[in-house]
Amino acid sequence: MIKIFVLLGGLLAIGFIFWWFFGQHTTQTVAAAVSGERQRVDVEVNGGYSPERIVLKQGVPAELHFTRKDESSCLDRVVFSDFGINQELPQNQERVIQIDTSRPGDYQWACGMDMFHGQLIIK
């Protein structure tokens, strides 16, 4: 009987791992709110990024306001390699990151360990 429980537990663990890494997960997409001459998006960092996909208007200066609520050291930095940004995210403090929106395109960001990702779309 114990062998059956161990086998079922192992199969459930394998199924969870496949779902976590290869399953279809919904991602939240948010278009930046433009106010005056700036656009702004608030990003909560808690077990990942929310929203995970951000749409910015080209040519309008943009600010991303990151607030890390997660205690994990993996999420204590955010890296925008295309923009040369590698910024610390102190826990429970807002960190503002300026984004150059002069070039349209799709850009990625990630945590310091490159395990959690987000997408920035400038159009």
Side-chain angles (χ1 to χ4, degrees):
M1 192 63 152
I2 265 191
K3 290 181 181 180
I4 292 174
F5 285 128
V6 170
L7 177 65
L8 289 175
L11 290 174
L12 286 173
I14 290 170
F16 176 75
I17 290 169
F18 271 99
W19 171 80
W20 182 262
F21 287 104
F22 303 113
Q24 292 282 29
H25 302 283
T26 60
T27 57
Q28 181 183 12
T29 301
V30 169
V34 179
S35 176
E37 297 295 316
R38 302 196 83 53
Q39 51 188 331
R40 169 191 171 136
V41 175
D42 294 321
V43 180
E44 182 178 304
V45 183
N46 194 2
Y49 300 102
S50 180
E52 193 173 321
R53 183 178 296 140
I54 298 172
V55 179
L56 299 174
K57 185 175 180 183
Q58 181 183 0
V60 178
E63 295 179 345
L64 302 182
H65 293 248
F66 284 85
T67 303
R68 179 171 71 102
K69 297 182 178 179
D70 195 300
E71 295 180 9
S72 168
S73 62
C74 176
L75 290 162
D76 67 355
R77 300 195 79 72
V78 65
V79 179
F80 290 83
S81 57
D82 293 316
F83 297 98
I85 297 170
N86 184 339
Q87 188 70 251
E88 180 183 3
L89 298 177
Q91 189 174 4
N92 297 317
Q93 295 179 26
E94 186 177 271
R95 179 71 69 179
V96 178
I97 297 178
Q98 307 289 330
I99 300 295
D100 175 16
T101 61
S102 61
R103 294 185 338 252
D106 290 354
Y107 304 97
Q108 302 294 317
W109 81 77
C111 67
M113 299 173 107
D114 201 28
M115 293 176 64
F116 295 94
H117 301 92
Q119 182 181 16
L120 194 60
I121 301 165
I122 300 173
K123 57 182 177 178

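All heavy atoms count here, side chains included; hydrogens, waters and symmetry mates do not. We count residues from 1, following the sequence as given. Note that the coordinates shown come from a computational prediction; the quantities given were computed from them, not determined experimentally.
One distance of note links CE of Met113 with OG of Ser72; it measures 7.5 Å at 0.5 Å rounding. Rounding to the nearest 0.5 angstrom, the gap separating the CG atom in Asn46 from the CD atom in Glu71 is 9.5 Å. The structure places CZ of Arg68 at 9.5 Å from CD of Gln93, a figure rounded to the nearest 0.5 Å. Summarising the geometry, atom CG belonging to Leu12 is positioned 12.0 Å from atom CZ belonging to Phe5; distances are rounded to the nearest 0.5 Å.
Counting only residues at least two apart or in different chains, side-chain hydrogen bond (donor to acceptor under 3.5 Å, both in side chains) contacts with residues 75-86 comprise Arg77-Asn86. Here salt bridge (Lys or Arg N to Asp or Glu O under 4.0 Å) pairs that include residues 93-106, with residues two or more places apart or in two chains, are Arg40-Glu94. The ring-ring contact (aromatic ring centres under 6.0 Å, His included) pairs that include a residue from residues 69-103 are Phe80-Trp109, Phe83-Tyr107, where partners are two or more places apart or lie in different chains.
Every residue meeting the side-chain contact (heavy atoms from CB on, under 4.5 Å) condition with Ser50, not counting sequence neighbours, appears here in chain and number order: Gln28. Checked against ring-ring contact (aromatic ring centres under 6.0 Å, His included), Phe18 has the following partners two or more places apart in sequence or in another chain: Phe22. Residues passing the side chain to side chain donor-acceptor pair (under 3.5 Å) test with Glu88: none are found, sequence neighbours excluded. Here Arg38 pairs with Glu63 under the salt bridge (charged side-chain N to carboxylate O under 4.0 Å, His left out) rule; sequence neighbours left out. For Ala62, the side-chain contact (heavy atoms from CB on, under 4.5 Å) test picks out Gln39, Leu56, Ile99, Thr101, with sequence neighbours left out.
For the pair Val96 and Leu64, the minimum side-chain heavy-atom distance is 4.5 Å or more. Put simply, the side chain of Asp42 does not reach to within 4.5 Å of the side chain of Thr67, judged on heavy atoms. Between Leu89 and Leu75 the shortest side-chain heavy-atom distance does not fall below 4.5 Å. Using a 4.5 Å heavy-atom cutoff, the side chains of Val41 and Pro51 are in contact.
Under a 4.5 Å side-chain heavy-atom criterion applied to ILVMFWY residues, the cluster that includes Ile2 comprises Val6 as well. The other residues sharing a hydrophobic cluster with Val60 are Val34, where clustering joins ILVMFWY side chains under 4.5 Å apart.
Linking Ile, Leu, Val, Met, Phe, Trp and Tyr residues whenever their side-chain heavy atoms come within less than 4.5 Å leaves Leu7 and Ile4 in two separate clusters. Note on Ile85 and Val45: same hydrophobic cluster, where clusters join Ile, Leu, Val, Met, Phe, Trp and Tyr whose side-chain heavy atoms are under 4.5 Å apart, directly or indirectly.
In this structure, Val79 and Gly112 approach most closely via the heavy-atom pair CG2-CA, 4.3 Å.
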Could you list the donor-acceptor pairs under 3.5 angstrom formed between side-chain atoms of residues 115-123 and any protein atom two or more places apart in sequence or on another chain?
{"from": "His117", "atom 1": "NE2", "to": "Asp114", "atom 2": "O", "distance (Å)": "3.4"}
{"from": "His117", "atom 1": "NE2", "to": "Asp114", "atom 2": "OD1", "distance (Å)": "2.9"}
{"from": "Gln119", "atom 1": "OE1", "to": "Arg53", "atom 2": "NE", "distance (Å)": "2.8"}

